[in-house]
Enquirer: 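Take a look at the following structure, please.
In what follows, chains carry the letters A, B, and so on, assigned in the order in which the sequence lines appear, proteins first and then strands, with residues in each chain numbered from 1.
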Number of protein chains: 2
Amino acid sequence: MTATPPPPSESAAPASAPVGAPAASAATPAFSPLYQQIKVLMLQSLQSGEWKPSTAIPSEMDLAARFKVSQGTVRKAIDELAAENLLVRRQGKGTFVATHAEHHVQYRFLKLFPDNGDPNSEGPAQRQIIDCKRLRASTDVARALALRQGDAVLQVRRVLSFAKVPTILEDLWLPGTPFKGLTAERLRDYDGPMYALFETEFGVRMVRAEEKIRAVLPDTEQCALLQVNSQTPLLSVERTAYTYNDTPMEMRRGLYLTDTHYYRNTLN
Amino acid sequence: MTATPPPPSESAAPASAPVGAPAASAATPAFSPLYQQIKVLMLQSLQSGEWKPSTAIPSEMDLAARFKVSQGTVRKAIDELAAENLLVRRQGKGTFVATHAEHHVQYRFLKLFPDNGDPNSEGPAQRQIIDCKRLRASTDVARALALRQGDAVLQVRRVLSFAKVPTILEDLWLPGTPFKGLTAERLRDYDGPMYALFETEFGVRMVRAEEKIRAVLPDTEQCALLQVNSQTPLLSVERTAYTYNDTPMEMRRGLYLTDTHYYRNTLN
DNA sequence: TAGTGGTCTAGACCACATA
DNA sequence: ATGTGGTCTAGACCACTAC
């Protein structure tokens, strides 16, 4: 599609139709500011893989030329994408596609912190893959992943330990098709956040997530894996993670031991 | 203080010193963009009470004239304040000081939602003030509120029920000086969020909060107030709330029953 | 020195709300 | 009809990074 900027001030042409809204299927309000339309185009470049994680996107001037709009309009589109953590600006260097890998802050989505001291002092988490198997989606999982019941999914179970203390037990479900070929070995061998592996190996970038948090008691199997007794209250953290376009790509259920750690949240 | 805008392009004057940074006490980098300085000035107007919650602030043009900068610079300052939920823009009407009162979303900081249906379907929470007493700050409370141990604080205890089911037990501590005159009666009589009462009656506006979340089991007193047994796991939500300038103004500890509700969080 | 993003301005026009 | 915030442009200069 072509972006037609509004005519400059001297022109008396009627308001140009919204860019990218072909004269078909009315009924939708179908108005959106230019920079929003630019944003959609940029999202497509991200989604299609034209711009890959950790690489630089074209400069603001280049994008302005490509879309035939002013630099300021491109800038506003980038501003919003940066606010959503899809892009990262670096003055003097360029604008880069955000990534879960090569980031000083590992585990961007993990909100569990130690009571005393900073996350770095306790060192990296030890990760133990318990299981990784292919099965058919249950009703719950199918709904969360926008699949049909019985569709192929992968289920992974793992334990994270801090300072050798088992602290997190996670079960997670992934849609079978995008993650074809994922095995326990590949998970074990990869050194880095799981979401970084998803990016580099499967081209799936997690962009946003919703969590539902409850307090629960563990069943006997969970007790064994976390080495706690059945009277130890745990945080149940149920997460659905999304890629671009709000497409759900992961369902996860974590049990957090919160006697020496806490889940941190900031309210604005 | 006066804001001196940088000279227009034709002038060859050296870069003007940062506005509002008098030629004293160097050593600080002491550079900040114009719009950041404007933002600081606007924060002062909010903090001083010149602009009160739910009222309109001067228009962008007026502010531009007052600070002697362009409308675009004021706009960028307002953009940031709006992103921080301190201001609310309403097209065609003006820009307003955000408030906890008269808001379609009551309880802006409460992240507990019912499992089935929307928050509105279960109707408003029933609130029961158990206690409101004046006492001396313990070590923990003093640290959280940036007071000295032994300073006067108010302690409030209350229970929130949804559909007549006790669901939240809260203890909260407030610094004695700003909240002088707060009593159980005034809390009971006020119909609306507690933070709205703090705004209108005490001029204290909560702007931001940090929460630490854990899973715990209740003690016998808590069991009685929430009408649960001692084996019911509960969410412990420890909150510190801040006014302008990151000044802590409330410490709160909530116990949430999460069998029919969940704590929702969104990750970006 | 060149290129990038960051700031600032000035002015035009649009969309929305109110009178 | 007027005033508000929202969008868009065009151009200048600054700050940071690399070569």
Side-chain angles (χ1 to χ4, degrees), chain A residues 3-19 29-40 42 55-65 67-83 87-98, chain B residues 3-19 29-40 42 55-65 67-83 87-98:
Chain A
T4 308
S9 49
E10 73 273 5
S11 166
S16 60
V19 181
F31 165 81
S32 89
L34 240 193
Y35 74 87
Q36 288 285 3
Q37 303 171 42
I38 303 299
K39 188 179 163 189
V40 168
M42 294 181 65
T55 65
I57 71 171
S59 75
E60 296 181 349
M61 293 301 280
D62 287 353
L63 289 171
F67 297 131
K68 305 248 184 58
V69 298
S70 79
Q71 187 198 15
T73 301
V74 169
R75 170 171 289 273
K76 185 143 188 187
I78 295 180
D79 280 345
E80 293 209 348
L81 292 170
L87 296 176
V88 177
R89 297 170 164 282
R90 288 188 212 141
Q91 181 171 148
K93 301 179 73 173
T95 300
F96 296 78
V97 182
Chain B
T4 308
S9 49
E10 72 273 6
S11 167
S16 60
V19 181
F31 166 80
S32 89
L34 240 194
Y35 75 87
Q36 289 285 4
Q37 303 171 41
I38 303 299
K39 188 180 163 189
V40 168
M42 293 181 66
T55 65
I57 71 172
S59 76
E60 296 181 349
M61 293 301 279
D62 287 354
L63 290 170
F67 297 130
K68 304 248 184 60
V69 298
S70 77
Q71 187 199 14
T73 301
V74 169
R75 171 171 288 272
K76 185 144 189 186
I78 295 180
D79 280 345
E80 293 208 349
L81 292 170
L87 297 176
V88 177
R89 322 185 78 134
R90 289 187 212 141
Q91 180 170 148
K93 300 179 74 173
T95 300
F96 297 77
V97 182

Enquirer: Are B:R75 and D:dG5 close enough that a side-chain N or O sits under 4.0 Å from OP1 or OP2?
Expert: no
Enquirer: Nearest-Å distance, NZ (A:K68) to C1' (D:dA10)?
Expert: 18 Å
Enquirer: Name the closest nucleotide to the B:P33 side chain, picking from D:dC8, C:dT7, C:dG5.
Expert: C:dT7
Enquirer: Tell me, which of residues 89-98 of chain B have any heavy atom that sits under 4.0 Å from an atom in DNA chain C?
Expert: B:Q91, B:G92, B:K93
Enquirer: Measure from the side-chain N and O atoms of B:Q37 to the backbone N and O of B:S32, and report whether any donor-acceptor pair falls under 3.5 Å.
Expert: yes
Enquirer: Please step through side-chain contact (heavy atoms from CB on, under 4.5 Å) for the pair A:K76 and A:I38, ending with a clear verdict.
Expert: CA-CA 9 Å; A:K76 185 143 188 187; A:I38 303 299; over 6 Å; no
Enquirer: Rounded to the nearest angstrom, tell me the gap between atom CG in A:L87 and atom P in C:dT4.
Expert: 16 Å
Enquirer: B:I38 has an atom CD1; how far is it from atom P of C:dT7, in whole Å?
Expert: 14 Å
Enquirer: Under the side-chain hydrogen bond (donor to acceptor under 3.5 Å, both in side chains) test, which residues partner A:D79, sequence neighbours left out?
Expert: A:R89
Enquirer: Does a side-chain N or O from A:K76 land closer than 4.0 Å to OP1 or OP2 of D:dT7, or not?
Expert: yes
Enquirer: Rounded to the Å, how far apart are B:L34 CG and D:dA12 C1'?
Expert: 15 Å
Enquirer: Please list, chain by chain and in numerical order, all residues satisfying side chain to side chain contact (heavy atoms under 4.5 Å, CB included) with B:P58, sequence neighbours excluded.
Expert: B:W51, B:D62, B:L63, B:R66
Enquirer: Looking at A:S59, does any N or O in its side chain come under 4.0 Å of the phosphate oxygens OP1/OP2 on C:dT4?
Expert: yes
Enquirer: Taking the side chain of A:E60 as heavy atoms from C-beta outward, which of D:dT9, D:dT7, C:dG6 is closest to it?
Expert: C:dG6
Enquirer: Rounded to whole angstroms, how far apart are CD on A:Q36 and P on C:dA15?
Expert: 15 Å
Enquirer: Under the rule for side-chain hydrogen bond (donor to acceptor under 3.5 Å, both in side chains), what residues qualify as partners of B:T95, not counting sequence neighbours?
Expert: none
Enquirer: Within this structure, what is the CG-to-C1' distance between A:L63 and C:dG5, rounded to whole angstrom?
Expert: 12 Å
Enquirer: Map A:Y35 and B:D62 onto DNA chain D by nearest heavy atom, then report which one ends up closer to the 5' terminus.
Expert: B:D62
Enquirer: Could you tell me how far apart A:M61 (CE) and C:dG3 (P) are, to the nearest whole angstrom?
Expert: 11 Å
Enquirer: side-chain hydrogen bond (donor to acceptor under 3.5 Å, both in side chains) with A:Q91: which residues, sequence neighbours excluded?
Expert: none
Enquirer: Who passes side chain to side chain contact (heavy atoms under 4.5 Å, CB included) against A:K39, sequence neighbours left out?
Expert: A:Q36, A:A77, A:E80, A:L81, A:E84
Enquirer: Rounded to whole Å, please give me the gap between CG in B:D79 and P in D:dG5.
Expert: 12 Å
